[in-house]
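I have placed the structure first, in the form of structure tokens, so that the comments after it can refer back to it.
Residue numbering restarts at 1 for every chain, and letters A, B, ... go by the order of the sequence lines.
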2 protein chains.
Amino acid sequence: MGITIYDIAEAAGVSIATVSRVFNDNPRVSESTRAAVMEVADKLGYQPHASARSLARQQTETISAIVPMLSNYFYAEVLKGLQDRMAETSFDLLVYSAPTLDEVEGQLEKALHRGRSAGVMLFSAPVRDGLEQRLQQSDIPVVLVDCYHPAYDSISTDNRRGGEIAADYLLSTGVRNPAVLMANPHSVPASHRLEGFRDGLSRQGVILEEDHLIVSSMGYHDGFNEQAGYESMTALLEAGIKPDGLFATSDVQAIGAMEALRHSNMNIPEHIQIIGFDDLPIARYVGLTTLRQPMSEMGARAFELLMERMTRPASTVAHTVFAPTLIPRTTTREQVAV
Amino acid sequence: MGITIYDIAEAAGVSIATVSRVFNDNPRVSESTRAAVMEVADKLGYQPHASARSLARQQTETISAIVPMLSNYFYAEVLKGLQDRMAETSFDLLVYSAPTLDEVEGQLEKALHRGRSAGVMLFSAPVRDGLEQRLQQSDIPVVLVDCYHPAYDSISTDNRRGGEIAADYLLSTGVRNPAVLMANPHSVPASHRLEGFRDGLSRQGVILEEDHLIVSSMGYHDGFNEQAGYESMTALLEAGIKPDGLFATSDVQAIGAMEALRHSNMNIPEHIQIIGFDDLPIARYVGLTTLRQPMSEMGARAFELLMERMTRPASTVAHTVFAPTLIPRTTTREQVAV
DNA sequence: GGCCGTGATGTAAGCGCTTACAATTCGCTT
DNA sequence: AAGCGAATTGTAAGCGCTTACATCACGGCC
């Protein structure tokens with residue numbers, strides 16, 4: 001069915017080795033035969049067989065990304081950065097989705113199938129015993145995105161610092177009675193953001209009331225969506241709590257919360273000031289003050305780390321931590337002079 | 001390095017054929033040997049080699065999706081639907097991105113490498129001569145998503161109808177002087193939406209003024225983003241045009257436009273009513289009236305079509321067209337009684 | 001004129017798996 | 001007790017490619 005190097009070899013009157021050399025840019029082929037082979041190959045529409053190639057070469061040129069949820073804008077943005085960077089190479093990207101933590105192991109298993117991928121990118125999944133063991137035994141290069149483990153290259157944002165900045169900023173704009181909408185209790189990034197926020201407050205003598213913290217009860221990846229934000233905010237209001245500031249652990253939650261506030265006729269930023277996290281493209285267009293994570297840069301950098309590890313497996317582990325930057329918009333007021 | 005069936009065979013005292021049979025659920029293996037082989041395989045941590053397998057089997061279990069832009073929420077949602085459906089099978093998903101039309105061919109070339117993928121999903125790319133020829137010569141199953149060609153299975157939304165519905169609805173809520181924000185001139189879906197909208201208007205005796213149509217001048221995939229909407233709307237306003245209704249060819253454009261309107265102190269829906277297209281999750285939280293495309297369903301269905309074509313290559317071409325449904329929210333007014 | 005180094009090409013042995021076909025075993029039948 | 005078929009297992013030939021090694025032709029050298 002398909003054209004093989006045998007066909008080309010026969011038609012061009014050379015051996016298969018020569019054909020193979022031509023397609024591998026091996027210099028030990030004369031210009032004339034190279035041209036002849038290419039001509040025949042073009043005419044026949046020859047395409048090297050991907051599997052045969054990687055089997056013979058003992059290596060693939062595909063990498064796998066294990067992502068909680070493609071339709072989460074954060075991941076989409078990071079993947080975009082990754083893709084753009086990859087497009088300059090001849091690598092292909094395999095995408096697995098693992099909406100719950102339990103599924104991560106299974107998907108990882110697939111991605112780790114021998115000969116499947118040259119490297120793996122694991123998104124937002126805490127590497128615990130089971131996983132670690134699995135990763136260890138197949139010595140495939142791995143880079144962690146949006147999570148951390150001492151033994152693996154990783155790329156993440158300083159979430160604690162982000163929380164602190166949010167706290168400082170909110171306080172500086174006059175907030176005295178803040179609330180927090182946290183995505184879900186199992187999310188490491190969300191926890192860190194909360195911790196940082198708390199610390200930031202307490203450093204200035206403000207404490208976060210326990211009933212001012214709403215933790216979405218959804219699973220692993222969940223809670224990072226508009227609906228969770230909407231529901232959490234609604235719950236807060238229904239409990240009769242009226243904070244004057246709000247820190248949401250993601251932009252989408254903040255946007256959900258904003259809608260809930262609108263329903264309750266609370267004005268932003270007059271009655272309540274809001275700050276999100278991520279700086280999705282949309283944030284700019286709803287005027288949301290937020291902490292930017294350089295998402296597509298994170299993706300690009302993740303790919304670079306992976307390449308580095310692939311070429312030099314023994315190099316020391318590298319952790320890249322980006323500092324989140326504050327993007328003030330109109331859901332918060334002007335900073336009051338100090 | 002890796003464990004092979006030879007290792008297993010030796011350790012279990014059987015032949016490689018038997019090991020292979022065990023891993024292929026071939027019934028012609030006794031229960032006892034099967035158990036023995038499995039035990040050894042588990043202990044050694046055996047993993048079949050993906051490339052070797054697909055080479056020997058003469059088939060892969062991966063499909064390729066060629067997508068203009070991962071960070072476009074529409075594609076992210078469709079891919080999610082696709083993934084969810086795929087997760088029930090043992091197929092893997094390879095994602096290629098082709099931000100410009102010129103790049104589609106190149107990416108397709110990669111996806112079409114012999115042995116690379118069992119099927120290809122092409123997103124929003126008009127199939128023209130070059131492409132068609134290429135697809136024809138490699139007889140890999142293809143399904144088109146968000147575009148149409150008589151020769152290939154496809155899945156799309158009735159964009160013309162969507163435009164009509166938008167027009168009808170806007171008129172029914174009292175709009176008399178509508179404007180349109182169109183994503184870009186090369187986008188087939190956007191053109192159809194515009195056509196439908198025009199038809200819908202003229203059927204009721206309203207015509208779309210030429211200067212009330214702003215076409216974003218960005219390339220192929222572009223124009224489908226907030227910024228384009230913002231800029232187009234700003235251009236409209238700066239030209240001194242004050243429409244009382246707005247149809248944007250996508251939700252994100254509508255959201256960009258809303259921000260521009262806010263800057264100009266125009267109230268929605270009092271001064272201007274807005275309708276978008278897609279019904280992204282976010283639309284609900286900004287109160288955007290829009291036309292829903294069942295995005296994740298489209299992805300799921302696309303996968304089914306592809307499977308169908310893979311198992312029965314000669315079956316007749318199927319075109320699935322979803323009807324967009326109107327989702328009235330608060331960027332439009334109540335319908336006036338007829 | 002024989003020898004040798006060089007560059008171009010060919011031969012053949014894998015890469016790890018599947019699978020047609022052959023071989024073997026074993027329990028029954030006659 | 002020999003024979004037979006079914007069930008199980010083994011042998012070996014690929015799948016399409018890469019690549020180490022062998023071969024060959026050729027020109028220059030002493």
Side-chain angles (χ1 to χ4, degrees), chain A residues 1-38 40-41 44-62 90 110 112-118 138 140, chain B residues 1-38 40-41 44-62 90 110 112-118 138 140:
Chain A
M1 218 182 77
I3 314 286
T4 74
I5 48 173
Y6 287 89
D7 302 324
I8 308 286
E10 189 176 346
V14 298
S15 77
I16 57 162
T18 301
V19 176
S20 174
R21 286 192 193 102
V22 168
F23 279 91
N24 288 294
D25 290 323
N26 188 315
R28 306 183 343 172
V29 181
S30 73
E31 269 320 308
S32 55
T33 37
R34 180 182 303 273
V37 167
M38 282 311 267
V40 176
L44 268 52
Y46 169 73
Q47 287 264 327
H49 186 110
S51 305
R53 211 170 223 200
S54 66
L55 178 57
R57 284 194 185 149
Q58 301 268 69
Q59 51 150 298
T60 17
E61 287 210 309
T62 100
S90 52
K110 292 182 73 173
L112 254 35
H113 260 47
R114 234 157 16 101
R116 171 92 74 227
S117 32
S138 89
I140 282 188
Chain B
M1 219 183 77
I3 314 287
T4 73
I5 48 173
Y6 288 89
D7 302 324
I8 309 286
E10 190 177 344
V14 298
S15 76
I16 57 162
T18 301
V19 177
S20 175
R21 286 194 192 99
V22 169
F23 279 91
N24 288 296
D25 289 323
N26 188 317
R28 307 182 344 167
V29 182
S30 73
E31 268 320 309
S32 56
T33 39
R34 180 182 303 274
V37 167
M38 282 312 267
V40 175
L44 267 51
Y46 169 73
Q47 287 266 324
H49 185 112
S51 305
R53 211 170 222 197
S54 66
L55 179 57
R57 284 193 186 151
Q58 301 270 67
Q59 51 149 298
T60 17
E61 287 209 311
T62 100
S90 52
K110 291 182 74 175
L112 255 34
H113 260 46
R114 236 163 7 107
R116 171 92 74 228
S117 32
S138 88
I140 282 187

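Counting only heavy atoms from C-beta on, Gln58(A) has its side chain closest to dC15(C) among dG14(D), dC17(D), dC15(C). The listed nucleotides are dC17(D), dT18(C), dT18(D); the one nearest the side chain of Ser20(A) is dT18(D). In this structure, the nucleotide among dG10(D), dT18(D), dT18(C) sitting nearest to the side chain of Thr18(B) is dG10(D).
dG16(C) atom C1' lies 14 Å from atom CZ of Arg116(A), rounded to whole Å. Between the CD1 atom of Ile8(A) and the P atom of dT18(D) there is a distance of 12 Å, given to the nearest Å. Per the geometry, CD1 belonging to Ile16(B) stands 10 Å off P belonging to dG10(D), to the nearest Å. dG16(D) atom C1' lies 16 Å from atom CD of Gln59(B), rounded to whole Å. Atom C1' of nucleotide dC17(C) and atom CZ of Phe23(B) are separated by 12 Å, given to the nearest angstrom. Regarding Ile5(A), its CD1 atom lies at a distance of 16 Å from the P atom of dT9(C), rounded to whole Å. Taking atom CD on Glu61(B) and atom C1' on dT18(C), their separation rounds to 14 Å, with Å as the unit. With rounding to whole Å, Leu55(B) atom CG is found 12 Å from dC17(C) atom P.
Residues meeting the side chain to side chain donor-acceptor pair (under 3.5 Å) test with Ser54(A), sequence neighbours left out: Ser51(B). Not counting sequence neighbours, Thr4(B) has no partner by the side chain to side chain donor-acceptor pair (under 3.5 Å) test. Taking the side chain to side chain donor-acceptor pair (under 3.5 Å) definition, one finds that Ser117(A) meets it with Ser64(A), sequence neighbours left out. Looking at residues two or more places apart in sequence or on another chain, you find no side chain to side chain donor-acceptor pair (under 3.5 Å) involving Asp7(A).
Each of Ala52(B) and Pro27(B) has a nearest nucleotide on DNA chain D; the 5'-most of these lies closest to Pro27(B). Both Ser15(B) and Val19(A) sit near DNA chain D, but only Ser15(B) has its closest nucleotide nearer the 5' end. The nearest heavy atom of DNA chain C to Gly13(A) and to Arg57(A) marks one nucleotide each, and the one closer to the 5' end goes with Gly13(A).
Contact between the side-chain N/O atoms of Asn24(A) and the OP1/OP2 oxygens of dT18(D) is found at a separation under 4.0 Å.
Under a cut-off of 6.0 angstrom, the local environment of CD in Glu61(A) is crowded, with over 12 non-hydrogen atoms contributed by other residues, nucleotides or ligands. Remark: Gln59(A) CD is packed, more than 12 non-hydrogen atoms of other residues, nucleotides or ligands lying under 6.0 Å away.
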Please list, pair by pair, any protein nitrogen or oxygen found under 3.5 Å from a nitrogen or oxygen in nucleotides 20-26 of chain C.
| from | atom 1 | to | atom 2 | distance (Å) |
| --- | --- | --- | --- | --- |
| dA20(C) | N6 | Arg21(B) | NH2 | 3.4 |

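Of all heavy-atom pairs between Ile3(B) and Leu44(B), the closest is CG1-O, 3.5 Å.
Counting only heavy atoms from C-beta outward, the side chains of Asn24(A) and Arg57(A) approach each other to under 4.5 Å. Looking at heavy atoms from C-beta onward, Met38(B) lies out of side-chain contact with Tyr46(B) at the 4.5 angstrom threshold.
Within 4.0 Å of Tyr6(B), counting heavy atoms only, lies at least one base atom of the nucleic acid. Across all strands, Asn26(A) comes closer than 4.0 Å to no nucleic acid atom at all (heavy-atom distances).
Contact check of residues 29-37 of chain B against DNA chain D (heavy atom, cut-off under 4.0 Å) returns Val29(B), Ser30(B), Thr33(B).
Side-chain contact, Ser32(A) with Ser30(A): a donor N or O sits under 3.5 Å from an acceptor N or O.
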